[in-house]
Student: 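Structure incoming, see below.
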Amino acid sequence: MRTLIVLTDAYYKELDECTATYVRRAKRPAEGYIRIYYEKFDAEGFYPMLEGIALKRNHALRGFAKLTNMVKNATPQTVTNKNIAALREYVESNRAMHLEGYVAFRMAGYNAYINCLLYAIAKKLKVN
């Protein structure tokens, strides 16, 4: 059985909900982490939380639920699959993950893609 310690500063509730399906986990809310035990890591189930954090952390999307959904729906499946594969690879070689750090640094390409998509939407709507 393998373990992964997932730390967070601001998204403990989301992490708790996302990891609820793992049979074994050790929750430490005071320390801001959850340790999950697994035979096979469920990257497809874990990724939507990371995507949600990336969208929440984007300053241009804050407070705009419809625009956030538009960006999420406009993201091609190939981008999502690439991010899931990168997550799976990361978990294979690491035993700890800081959510905000992973989203900021490991998903930097996705964050740039979101900004480009927002620019394209604004340009199409001719927002000056």
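Everything numeric here is computed off the predicted structure, so don't read it as measured data.
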Student: Could you check, using the six-membered ring where one of them is a Trp, whether Y37 and Y22 have ring centers closer than 6.0 angstrom?
Tutor: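 That pair fails the under 6.0 Å test.
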
Student: Looking at K56 and E51, does any basic side-chain N land under 4.0 Å from a carboxylate oxygen?
Tutor: no

Student: Can you get from Y33 to M49 by hopping between Ile, Leu, Val, Met, Phe, Trp and Tyr side chains that sit under 4.5 Å apart?
Tutor: no

Student: I want to check something: taking the side chain as every heavy atom from C-beta on, are I34 and I36 in contact at a cut-off of under 4.5 Å?
Tutor: yes

Student: Applying side chain to side chain contact (heavy atoms under 4.5 Å, CB included), run through L4 and N94 and close with a yes or a no.
Tutor: CA-CA 8 Å; L4 178 67; N94 294 284; 5.6 Å; no

Student: Any idea which heavy atoms bring A43 and I84 closest together, and the distance?
Tutor: CB-CG2, 3.9 Å

Student: Between A54 and M107, which heavy-atom pair has the shortest distance, and what is it?
Tutor: CB-CE, 4.4 Å

Student: Would you call the rings of Y113 and Y110 parallel, tilted or perpendicular if under 30° counts as parallel and over 60° as perpendicular?
Tutor: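 Y113 vs Y110 ring planes: parallel.
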
Student: Test your reading of the model: is there a side-chain donor-acceptor pair from N73 to the backbone of N69, 3.5 Å cut-off?
Tutor: yes

Student: Taking side chain as C-beta onward, heavy atoms only, is Y38 less than 4.5 Å from V91?
Tutor: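 Yes, side chains in contact.
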
Student: Does any part of the side chain of L50, heavy atoms only, come nearer than 4.5 Å to the side chain of R106, both counted from C-beta?
Tutor: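 Of all side-chain heavy-atom pairs linking L50 with R106, none is under 4.5 Å.
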
Student: Counting C-beta onward and ignoring hydrogens, is there a side-chain heavy-atom pair between M97 and L7 closer than 4.5 Å?
Tutor: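 A side-chain contact under 4.5 Å is absent here.
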
Student: Less than 4.5 Å apart, side chain to side chain, heavy atoms only: is that true for L87 and F46?
Tutor: yes

Student: Measure the spacing between CG of L117 and OG1 of T75 and express it to the nearest 0.5 Å.
Tutor: 6.0 Å

Student: Rounded at 0.5 Å granularity, tell me how far NE2 in H59 sits from CG in N115.
Tutor: 10.0 Å

Student: Are any of the side-chain heavy atoms of R57 and Y11 separated by less than 4.5 Å?
Tutor: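 When only atoms from C-beta onward are counted, Y11 and R57 do touch, with a gap below 4.5 Å.
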
Student: Take R35 and T3 through the test side-chain hydrogen bond (donor to acceptor under 3.5 Å, both in side chains) and record every step on the way to the result.
Tutor: CA-CA 7 Å; R35 181 186 312 250; T3 63; 4.8 Å; no

Student: Could you check whether any side-chain heavy atom of N58 comes within less than 4.5 Å of a side-chain heavy atom of T68, counting everything from C-beta outward?
Tutor: no

Student: So how far is it from C18 SG to E14 CD, rounded to the nearest 0.5 Å?
Tutor: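 Output value for this atom pair is 10.0 Å.
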
Student: Side-chain contact, heavy-atom cut-off 4.5 Å: H98 with T8?
Tutor: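 No. Closest side-chain heavy atoms not under 4.5 Å.
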
Student: Assigning hydrophobic clusters by single linkage (Ile, Leu, Val, Met, Phe, Trp, Tyr; side-chain heavy-atom cutoff under 4.5 Å), is Y47 placed with V103?
Tutor: yes

Student: Would you please test E44 and D42 for side chain to side chain contact (heavy atoms under 4.5 Å, CB included) and show each step?
Tutor: CA-CA 6 Å; E44 292 84 5; D42 180 20; 3.7 Å; yes

Student: Once you round to the nearest 0.5 Å, how far does CD1 of I53 lie from CG of L99?
Tutor: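 Rounded to the nearest 0.5 Å, the CD1-CG separation comes out at 4.5 Å.
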
Student: Hey, could you give me the CG/CE distance between L118 and M70, rounded to the nearest 0.5 Å?
Tutor: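 So the gap between those two atoms works out to 10.0 Å.
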
Student: Answer yes or no: are there more than 12 heavy-atom neighbours, outside E17 itself, under 6.0 Å from its atom CD?
Tutor: yes

Student: From L15 CG over to R25 CZ, what is the distance, rounded to the nearest 0.5 angstrom?
Tutor: 8.0 Å

Student: Do M1 and I5 sit in one hydrophobic cluster, given that two such residues count as connected whenever their side-chain heavy atoms are within less than 4.5 Å of each other, even indirectly?
Tutor: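 Result: no, two separate clusters.
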
